[in-house]
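Below is one structure, written out as structure tokens; the observations come after it.
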Amino acid sequence: TPRILLVRPDHLGDMVLTTPVLDALKRSVPGAHITMMVGPWASEIVARHPAIERLLVFPFPGFRRASQNPFSPYILLVSAARQLRRGNYDLAINLRPDFWWGAALLYLAGIPRRVGYALRPGAVFLSHTFPLQAPELASVSSLRLASAGLQALGYAPLSEPYTPENYPAVFQPGEEERRQVTERLQSAGIGEQAAVIVIHAGTGAAVKLWRNEAWSRCADEVVELVSARLTNAAPARIILTGSKSERPMLEEIASGMNGPALMLTDLTVGQLAALLGRASLVLGVDNGPLHLAVAQETPTVGIFGPTDPRIFGPWGNPEWHMVIASTHRCATCPAIPCGRLDFTPEELPRHPCVRLVTEREVLMAVEQLLRVMQEGSRSQ
């Protein structure tokens with residue numbers, strides 16, 4: 001029985017995009033013992049996944065937003081390698097492309113087969129390296145690594161093509177979480193037959209944010225569009241989701257709307273997934289909840305700027321997931337998308353690529369998506 005370790009330090013959205021690998025490995029080697037090493041910031045995405053026998057939650061260096069002791073990455077490296085040695089793993093896959101720390105960890109842990117990308121400085125620590133084919137959807141890249149890992153163990157590679165149909169992203173909310181969401185909606189006067197539109201305006205990097213007033217105007221317009229096209233009874237309802245720290249932003253969006261909005265800032269990941277699965281449509285910027293909505297097979301519209309949708313775009317049917325990629329290159333950036341997220345508050349005014357996306361672009365994407373949804377419902 002091969003023992004496989006997967007290392008993925010990233011945040012919620014990246015973790016959702018990694019889930020196709022878990023089922024793929026388990027189907028290929030049903031008896032494999034799969035351990036996944038993740039950060040606490042995204043552990044809920046994979047904690048309940050049936051393919052995982054063991055979950056290691058680890059505070060990877062460089063992924064927390066607070067400043068750190070410059071020596072802490074190396075201290076953590078030694079202690080984590082000592083812990084992993086006890087796992088007697090046959091194969092380890094470093095799933096993040098530019099994560100030299102993860103590659104060094106696998107080497108120090110003495111794992112014989114260490115698979116990852118041929119990127120410096122991490123490549124020297126790996127036994128099997130593969131070029132990163134960019135731009136390529138992150139899920140496809142991860143599946144390529146998993147396939148290489150299987151071959152390193154002497155198994156057949158994963159069958160191609162690598163598509164969402166063959167290798168879907170998976171996160172299933174529980175029945176209790178669905179019930180809790182239904183009760184929350186009912187207590188707000190939103191019945192089971194009402195169309196729900198979720199807007200998740202927040203994200204981990206300020207440069208990816210749209211304009212609050214634009215969300216307000218679009219929310220009112222989208223209610224009218226959805227009510228006219230998808231429902232014949234009560235008007236559709238807007239739900240604004242986010243973290244507790246994002247509540248002031250949601251309140252500003254709600255205050256600019258003509259219609260009512262329900263704000264939910266205390267949902268668990270499972271409850272959020274249940275709500276997204278209940279929704280008729282989800283709108284947002286490039287963020288984890290948008291990927292979570294795709295995993296629930298709910299249609300989405302997402303706004304991208306500095307991040308490349310060819311890499312971080314939705315892992316689903318492109319007809320059901322509209323991407324609006326800003327074409328406004330910021331004056332000091334070499335290209336659009338530039339891939340940079342770590343702008344200081346002082347720099348942000350000079351990087352308006354997302355904020356320059358117009359309401360018209362978003363509403364046109366919504367209209368196009370609603371037409372596809374109508375045609376899909378008629379053909380069923």
Subject >> NZ/NE/NH1/NH2 to OD/OE distance under 4.0 Å, Arg371 and Glu367 >> reply: no
**OP:** For Tyr155, enumerate each residue passing the ring pair (Phe, Tyr, Trp, His ring centres under 6.0 Å) test, keeping only those at least two apart in sequence or located in another chain.
**Re:** none
Original post:
Counting distance only, does the side-chain N/O of Arg211 pair as donor-acceptor with the main-chain N or O of Arg355 below 3.5 Å?
Top reply: yes
Subject >> Residues Leu91, Ile111; criterion side chain to side chain contact (heavy atoms under 4.5 Å, CB included); working and verdict >> reply: CA-CA 6 Å; Leu91 165 71; Ile111 300 170; 5.7 Å; no
Subject >> Residue list, side-chain hydrogen bond (donor to acceptor under 3.5 Å, both in side chains) with Arg3, at least two apart or on another chain >> reply: none
Original post:
With no hydrogens and no angle check, is any side-chain donor or acceptor of Arg8 less than 3.5 Å from a backbone partner on Leu95?
Top reply: yes
Subject >> Lys/Arg N to Asp/Glu carboxylate O, Arg340 vs Glu347, below 4.0 Å >> reply: yes
Subject >> Polar side-chain atom of Arg54 near backbone of Thr35 as donor-acceptor pair, under 3.5 Å >> reply: no
Subject >> Whether Ser280 side chain and Ile197 backbone form a donor-acceptor pair below 3.5 Å >> reply: no
Original post:
Is Ser227 reaching over with its side chain to a backbone N or O of Val223, donor-acceptor style, under 3.5 angstrom?
Top reply: yes
**OP:** Would you indicate whether the side-chain heavy atoms of Pro9 and Trp101 approach each other to under 4.5 Å?
**Re:** no
**OP:** Verify the neighbour count for atom CD of Glu297: are there more than 12 heavy atoms of other residues, nucleotides or ligands below 6.0 Å?
**Re:** no
Original post:
Quick one: does Cys338's side chain get under 4.5 Å of Cys330's, heavy atoms only?
Top reply: no
Subject >> side-chain hydrogen bond (donor to acceptor under 3.5 Å, both in side chains) against Asp23, all qualifying residues, sequence neighbours excluded >> reply: none
Subject >> Arg278 to Gly191 - nearest heavy-atom pair and separation >> reply: NH2-O, 2.8 Å
Original post:
Does a side-chain N-to-carboxylate-O contact under 4.0 Å join Arg48 and Glu177?
Top reply: yes
Subject >> Nearest-0.5 Å distance, CG of residue Asp308 to CZ of residue Phe312 >> reply: 7.5 Å
Subject >> Check: Ala32 main-chain N/O paired with Thr1 side-chain donor or acceptor under 3.5 Å >> reply: no
Subject >> Over all atoms of both residues, closest heavy-atom pair of Leu132 and Pro97 >> reply: CD2-CB, 3.8 Å
Subject >> Distance (rounded to the nearest 0.5 Å) between Thr18 OG1 and Leu6 CG >> reply: 9.0 Å
Original post:
Side chain of Asp220, backbone of Gly259: donor and acceptor closer than 3.5 Å?
Top reply: yes
**OP:** Determine whether Trp320 and Leu363 fall in the same hydrophobic cluster, where Ile, Leu, Val, Met, Phe, Trp and Tyr are linked whenever their side-chain heavy atoms lie under 4.5 Å apart.
**Re:** yes
**OP:** To the nearest 0.5 Å, tell me how far Asp286 CG sits from Ser326 OG.
**Re:** 12.5 Å
Original post:
Would you say Thr241 and Pro289 make side-chain contact, with heavy atoms under 4.5 Å?
Top reply: no
Subject >> ring-ring contact (aromatic ring centres under 6.0 Å, His included) pairs, two or more places apart, involving residues 103-133 >> reply: Tyr107-Phe125
Original post:
Applying the 4.5 Å side-chain criterion to the ILVMFWY set and letting contacts propagate, would Leu281 and Val196 be lumped into a single cluster?
Top reply: no
Original post:
Are any side-chain N or O atoms of Arg178 and backbone N or O atoms of Pro173, one a donor and one an acceptor, separated by less than 3.5 Å?
Top reply: yes
**OP:** Determine, using the 4.5 Å side-chain heavy-atom cutoff (strictly less than), whether Ile34 and Leu143 are members of one ILVMFWY cluster.
**Re:** yes
Subject >> Nearest-0.5 Å distance, CG of residue Leu240 to CG of residue Leu264 >> reply: 8.5 Å
Subject >> Carboxylate-amine/guanidinium contact Arg247 Asp266, below 4.0 Å >> reply: no
Subject >> Closest contact, heavy atoms only, Val46 versus Met15 >> reply: CG1-CG, 3.9 Å
**OP:** Return the minimal non-hydrogen interatomic distance between Pro314 and Val294, and the atom names on each side.
**Re:** CB-CG2, 3.8 Å
**OP:** Check whether more than 12 heavy atoms from other residues, nucleotides or ligands sit under 6.0 Å from atom CD of Glu192, and answer yes or no.
**Re:** no
Original post:
Roughly how far, to the nearest 0.5 Å, is CG of Asp90 from CZ of Arg113?
Top reply: 6.0 Å
Subject >> Exam field: side chain Trp315 to backbone Tyr167, donor-acceptor pair closer than 3.5 Å >> reply: yes
Subject >> Path from Ile253 to Leu225 over hydrophobic side-chain contacts below 4.5 Å >> reply: yes
Subject >> Contact check, side chains of Leu56 and Val38, non-hydrogen atoms, under 4.5 Å >> reply: no
Subject >> Contact check, side chains of Pro306 and Cys353, non-hydrogen atoms, under 4.5 Å >> reply: yes
**OP:** Mind running side chain to side chain contact (heavy atoms under 4.5 Å, CB included) on Ser142 and Leu17 for me, showing each step along the way?
**Re:** CA-CA 9 Å; Ser142 294; Leu17 293 174; over 6 Å; no
**OP:** Using the six-membered ring wherever Trp is involved, compare the ring planes of Trp41 and Phe60 and label them parallel, tilted or perpendicular (cut-offs 30° and 60°).
**Re:** tilted
**OP:** Verify the cluster assignment for Val366 and Val323: are they in a single hydrophobic cluster under the rule of side-chain heavy atoms below 4.5 Å apart?
**Re:** no
Subject >> Taking every non-hydrogen atom, the tightest pair across Asp10 and Ala42 >> reply: O-CB, 3.4 Å
Subject >> Partners passing ring pair (Phe, Tyr, Trp, His ring centres under 6.0 Å) against Phe171 (at least two apart in sequence or in another chain) >> reply: none
**OP:** Using the side chain to side chain contact (heavy atoms under 4.5 Å, CB included) rule, take Leu283 and Thr300 through it: C-alpha gap first, then chi angles, then the decisive distance, then the call.
**Re:** CA-CA 6 Å; Leu283 294 88; Thr300 64; over 6 Å; no
Original post:
Can you list every side chain to side chain donor-acceptor pair (under 3.5 Å) pair that touches residues 131-140, not counting sequence neighbours?
Top reply: Glu136-Ser141, Glu136-Arg144
Original post:
Say you draw a straight line from NE2 of His49 to NZ of Lys26; how long is it, rounded to the nearest 0.5 Å?
Top reply: 10.5 Å
**OP:** Evaluate the side-chain hydrogen bond (donor to acceptor under 3.5 Å, both in side chains) criterion for residues Ser255 and Glu252: first the C-alpha distance (whole Å), next the side-chain angles of each, then the deciding distance (0.1 Å), finally the verdict.
**Re:** CA-CA 5 Å; Ser255 68; Glu252 184 176 327; over 6 Å; no
Original post:
Would you say the side chain of Met257 lies within less than 4.5 Å of the side chain of Ile238, judging by non-hydrogen atoms?
Top reply: yes
Subject >> Nearest atoms (heavy-atom pairs only) where Gly39 meets Val57 >> reply: C-CG1, 4.1 Å
**OP:** Using atom types as modelled and distance alone, determine if a side-chain donor or acceptor of Arg237 lies under 3.5 Å from a backbone N or O of Val198.
**Re:** no
Original post:
Do the non-hydrogen side-chain atoms of Ile324 and Val362 ever get within less than 4.5 Å of each other?
Top reply: yes
**OP:** Check the pair Ile93 / Leu5 against side chain to side chain contact (heavy atoms under 4.5 Å, CB included), numbers first and verdict last.
**Re:** CA-CA 6 Å; Ile93 304 177; Leu5 172 68; over 6 Å; no
Original post:
Side chains of Asn212 and Met249: does their closest heavy-atom pair fall under 4.5 Å?
Top reply: yes
